[in-house]
2 protein chains.
Amino acid sequence: MNKRSSRGSPASPPQARFPGQQACLPPGVVPEGPRRRILEAALQLFASQGFHGVSVRDLARELRLQPSALYAHFPSKEHVLAELTLVGHQAQHEALRAALLDAGADPVAQIQALVRQNATLHATYPQLAIVANEELHALKLELAAATLELRKQSAALLLEVILRGLALGRFSCQSPRVTAAAIAAMGLRIPYWYQPEGELTIDELASIHAELTLRMLGVC
Amino acid sequence: MNKRSSRGSPASPPQARFPGQQACLPPGVVPEGPRRRILEAALQLFASQGFHGVSVRDLARELRLQPSALYAHFPSKEHVLAELTLVGHQAQHEALRAALLDAGADPVAQIQALVRQNATLHATYPQLAIVANEELHALKLELAAATLELRKQSAALLLEVILRGLALGRFSCQSPRVTAAAIAAMGLRIPYWYQPEGELTIDELASIHAELTLRMLGVC
DNA sequence: GTCTATACTATGATAGAC
DNA sequence: GTCTATCATAGTATAGAC
């Protein structure tokens with residue numbers, strides 16, 4: 001049976017994973033221009049429907065272009081996703097490193113800075129967080145490699161701060177690795193429930209996540 | 001350009017999101033038979049490649065059937081996913097309710113039971129957790145409705161235990177809602193990193209998650 | 001850089017024999 | 001319940017005019 005002509009059913013669309021409208025890329029990471037326009041449209045669509053749920057025709061329609069026009073800017077649909085995942089992980093990694101540098105040498109200040117920055121990013125750029133994290137698996141290894149390397153480094157950053165805090169006797173926990181995973185998980189899920197127009201500001205959210213983190217690490 | 005005949009590149013496959021092999025459905029939820037065989041094959045493929053990344057032909061090939069044979073058991077590919085997400089959420093909801101009943105009236109025992117059971121499920125049936133949670137958005141609302149209702153109820157279960165613990169003065173936290181989200185997030189991410197053949201047993205994992213949860217709730 | 005037109009494949013689903 | 005064969009459409013990508 002055809003996709004659109006199914007007898008009586010109204011052919012309702014799939015639920016959007018991320019219903020919000022305009023998708024924003026962090027400033028600076030991609031210069032203004034047609035490439036950026038394409039990336040932002042793709043960001044919104046991939047976040048809503050998933051990479052495989054969006055066709056080149058869908059993306060072109062959103063941009064009011066013919067499908068073929070996209071190929072003047074990207075060699076394939078996969079390259080669009082690859083750039084989005086890379087940009088997302090770059091923005092995160094740079095923000096985390098900067099936050100860490102600002103925090104000084106105290107592990108408590110360091111972990112707070114990391115978690116606050118991470119929560120802020122995920123709440124500010126929810127579509128980018130979703131696409132960079134959940135659609136990465138759709139890429140061939142060669143196109144995902146650079147992103148995977150950055151992800152590894154960001155995870156290492158978090159684990160190192162925890163291990164140092166434990167070594168210095170400031171933290172206590174049963175398993176640094178499981179605790180690190182829990183802290184990261186908390187941030188990763190933000191885009192799925194946080195609503196900027198709700199009661200909670202991003203700053204309050206970041207503070208609560210920092211507090212939860214300190215508790216997980218036994219800083220009482 | 002064709003998907004498979006790209007000039008010189010070796011047409012490497014996408015990275016699998018969940019590389020592991022056999023996918024298991026919890027016992028009892030689906031009777032043995034061809035339907036169950038199809039669901040288990042689909043579970044593995046959808047977990048690896050995503051719903052839209054798997055064609056009916058892919059699924060049929062895995063089962064050594066012709067594509068048309070699948071339609072004797074399910075009216076569409078979407079119905080296969082719908083059953084998987086429903087089964088996954090049913091298993092979770094029933095397990096959580098049972099754990100809660102076993103735990104008695106103490107909020108501390110209750111939250112430990114919930115978190116332990118949740119971690120155990122996510123570590124035992126990782127593909128089901130991934131598909132039920134990450135692919136639900138690919139379904140039309142009508143096919144997802146029953147699953148969404150169950151998810152809502154499971155989330156409510158967790159929040160109610162937290163609110164009751166707060167009311168009884170056993171817990172303390174800045175935001176019950178954000179804390180509930182953090183606890184749920186910790187469980188949801190398990191399939192992405194936990195490896196049964198590693199050093200950590202599922203029971204140890206469950207214990208660590210229970211301990212992290214108590215800390216987040218200020219039970220010291 | 002965008003358009004029109006199109007090549008070629010993959011896709012979800014159905015018909016009808018056995 | 002599975003097969004072979006097929007339909008109708010959607011998919012990625014390219015060619016060549018402007």
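Chain A is the first sequence line, chain B the second, and so forth, proteins listed ahead of strands; every chain is numbered from 1.
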Open item on the list: Less than 4.0 angstrom from a charged side-chain N to a carboxylate O is my criterion; do K152(A) and E149(A) meet it?
Closed with: yes
- [ ] Calculate the interatomic distance between K77(A) atom NZ and dT9(C) atom P; express it in whole Å.
- [x] 19 Å
- [ ] Would you please name every residue forming a side chain to side chain contact (heavy atoms under 4.5 Å, CB included) with L163(A), sequence neighbours left out?
- [x] L159(A), L166(A), P176(A)
- [ ] Please state how far atom CD in Q49(B) lies from atom P in dT11(C), giving the value in whole angstrom units.
- [x] 11 Å
Task: Under 4.0 Å protein heavy-atom contacts per nucleotide of nucleotides 1-6 of chain C, with B for base, S for backbone only and - for none - done: SBBB--
Open item on the list: Within the 3.5 Å criterion, strictly below it, is a donor on S207(A) or E211(A) matched to an acceptor on the partner's side chain?
Closed with: no
Open item on the list: In terms of relative ring orientation, are H209(A) and W193(A) parallel, tilted or perpendicular, with 30° and 60° separating the classes?
Closed with: tilted
Open item on the list: We want to know whether R164(A) and Q110(A) form a side-chain donor-acceptor pair, criterion being a heavy-atom distance below 3.5 angstrom.
Closed with: yes
- [ ] Grab the OH-P distance between Y71(A) and dG11(D) for me, whole Å please.
- [x] 12 Å
TODO: Please check if any side-chain donor atom of Q22(A) sits under 3.5 Å from a side-chain acceptor atom of Q44(A), or the reverse.
DONE: no
TODO: Return the value, rounded to whole Å, for the distance between atom CG of D58(B) and atom P of dT11(C).
DONE: 6 Å
